[in-house]
Amino acid sequence: MPFGVNDAFRDGSNYLGQILNQYDATIAGLLFGHTHKDDFQIGYSSYSAQSAKTANSISHIAPALTPTSGSPAFKVYTVDPVTFAMLDVTIYSTSLKAATYQTSPVWTKYYSAKEAYGSLVSPPITAASAELTPAFWHNLTTLLQGNDAVFQQYNARKSRGWNVPSCDAAYKTKSICQLRAAEAQYNCATVSAGLNFKRDGSAVAEVDGPSECHGSKLMEVLSRVNKGSL
């Protein structure tokens, strides 16, 4: 589970942030799942001065094979075998509409982060040997802020084009805030008082709609008890 989501304990998220700040020259990247979305979160040495210079960690969030949040997909990370630098992130997906999906799904390349965004960020990152550093990902969020067409592409890619939410200025602002929050206390999520038996109350889920990962029926029962319907 990425530590920038709303259901991460803030103390634990902050402690991890301290470790990442101390060992940012050693840790090449962090790999997570949980949200069912193809996404990322950036950590900073100073959240009050977020910039390419202060970006010092990157959390890669993988999409899901579960076919309830878009076509099943997975990520392939291209890593330098000597430095362990992350050189590219490529997403592969299979179509639910294919006749052979249930028996022999065909996995095809959906997109590559470097190919999709490398030439668009400033400075450009296009060489095969160039690392996708935390600074690259921060510069990508700057691009998303200023280029709505690219933001729409990013937004659709999160779920492989399935059930893409409409996004106004507030949605876009909150989404970019989440991208720049590898620590939960900075994710701009709105926390409401009361009990919540949803499996995933993360900021990602709040922006994108209810989580599709239903989990145990016990949560449904407890939720009904809380509402007085049992």
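The basis for the numbers below is simple: all heavy atoms, side chains too, and nothing from hydrogens, waters or symmetry mates.
- Between Asn21 and Ser45, the closest heavy-atom pair is OD1-CA, 3.6 Å.
- Rounding to the nearest 0.5 angstrom, the gap separating the NZ atom in Lys158 from the NE2 atom in His36 is 14.0 Å.
- With Ser112 contributing its side chain and Thr90 its backbone, the two residues share no donor-acceptor pair below 3.5 Å.
- A distance of 9.0 Å separates CD of Gln185 from CG of Asp11, quoted to the nearest 0.5 Å.
- Put simply, Phe3 and Tyr15 are part of two different groups of oily side chains (I, L, V, M, F, W, Y) that touch within less than 4.5 Å, one to the next.
- Taken to the nearest 0.5 Å, the OG atom of Ser93 stands 13.0 Å off from the CZ atom of Arg157.
- Neither Val76 nor Tyr111 shares a network with the other; the hydrophobic side chains, linked directly or stepwise wherever heavy atoms of I, L, V, M, F, W or Y lie under 4.5 Å apart, form separate groups for each.
- For the pair Leu144 and Leu179, the minimum side-chain heavy-atom distance is below 4.5 Å.
- For the atom pair Glu115 CD and Asp88 CG, the distance stands at 6.5 Å (nearest 0.5 Å).
- Without hydrogens or angle criteria, Gln145 side chain to Ile176 main chain gives no donor-acceptor distance under 3.5 Å.
- Across every non-hydrogen atom of Tyr186 and Cys177, the tightest pair is O-SG, 3.5 Å.
- Between Leu143 and Ser122, every side-chain heavy-atom pair lies at or beyond the 4.5 Å cut-off.
- Residue Tyr171 comes nearest to Cys167 through the heavy atom pair CD2-CB, 2.9 Å, listed as atom of the first residue, atom of the second, then distance.
- Residues Leu120 and Asn147 have side chains not in contact (no heavy-atom distance under 4.5 Å, counting atoms from C-beta outward).
- No side-chain donor-acceptor contact under 3.5 Å links Asp80 to the backbone of Ala85.
- Annotation: side chain of Asn187 is not in contact with side chain of Gln41 (no heavy-atom distance under 4.5 Å).
- Scanning all heavy atoms of the two residues, the minimum distance from Ala28 to Phe84 falls at CB-O, 3.2 Å.
- In this pair, Phe40 and Trp137 present their aromatic rings tilted. The plane angle is within the 30 to 60° band.
- Contact between Asn56 and Pro134 at its shortest, heavy atoms only, is C-CG, 3.7 Å.
- The shortest distance between side-chain heavy atoms of Gln178 and Cys188 does not fall below 4.5 Å.
- Val150 and Leu132 fall within a single hydrophobic cluster, where Ile, Leu, Val, Met, Phe, Trp and Tyr are joined by side-chain heavy atoms under 4.5 Å apart, directly or via other members.
- Linking Ile, Leu, Val, Met, Phe, Trp and Tyr whenever their side-chain heavy atoms come within less than 4.5 Å leaves Trp162 and Phe74 in two separate clusters.
- Between the side chain of Ser13 and the backbone N or O of Ala8, no donor-acceptor pair lies under 3.5 Å.
- When the side chains of ILVMFWY residues are joined at heavy-atom separations under 4.5 Å, either directly or via intervening members, Val89 and Leu87 end up in two distinct hydrophobic clusters.
- Taking the side chain as every heavy atom from C-beta outward, Thr126 and Ser119 approach each other to under 4.5 Å.
- In this structure, Asn14 contributes its side chain and Arg10 its backbone to no donor-acceptor pair below 3.5 Å.
- At least one side-chain heavy atom of Tyr44 sits under 4.5 Å from a side-chain heavy atom of His138.
- Residues Val5 and Ile61 form no side-chain contact, since every pair of their non-hydrogen atoms from C-beta on lies 4.5 Å or further apart.
- Put simply, CE on Met1 and CZ on Phe9 are 8.0 Å apart, with the number rounded to the nearest 0.5 Å.
- In this structure, CE on Met86 lies 9.0 Å from CG on Leu30, to the nearest 0.5 angstrom.
- Between the side chain of Ser51 and the backbone N or O of Thr54 there is at least one donor-acceptor pair closer than 3.5 Å.
- Considering every non-hydrogen atom in both Ala52 and Ala135, the closest pair reads O-CB, 3.5 Å.
- Between Arg160 and Asp38, none of the side-chain N atoms (NZ, or NE/NH1/NH2) sits under 4.0 Å from a carboxylate O, so this pair counts as no salt bridge.
- Ring pair Tyr154/Phe151 is tilted by interplanar angle, where 30° to 60° counts as tilted.
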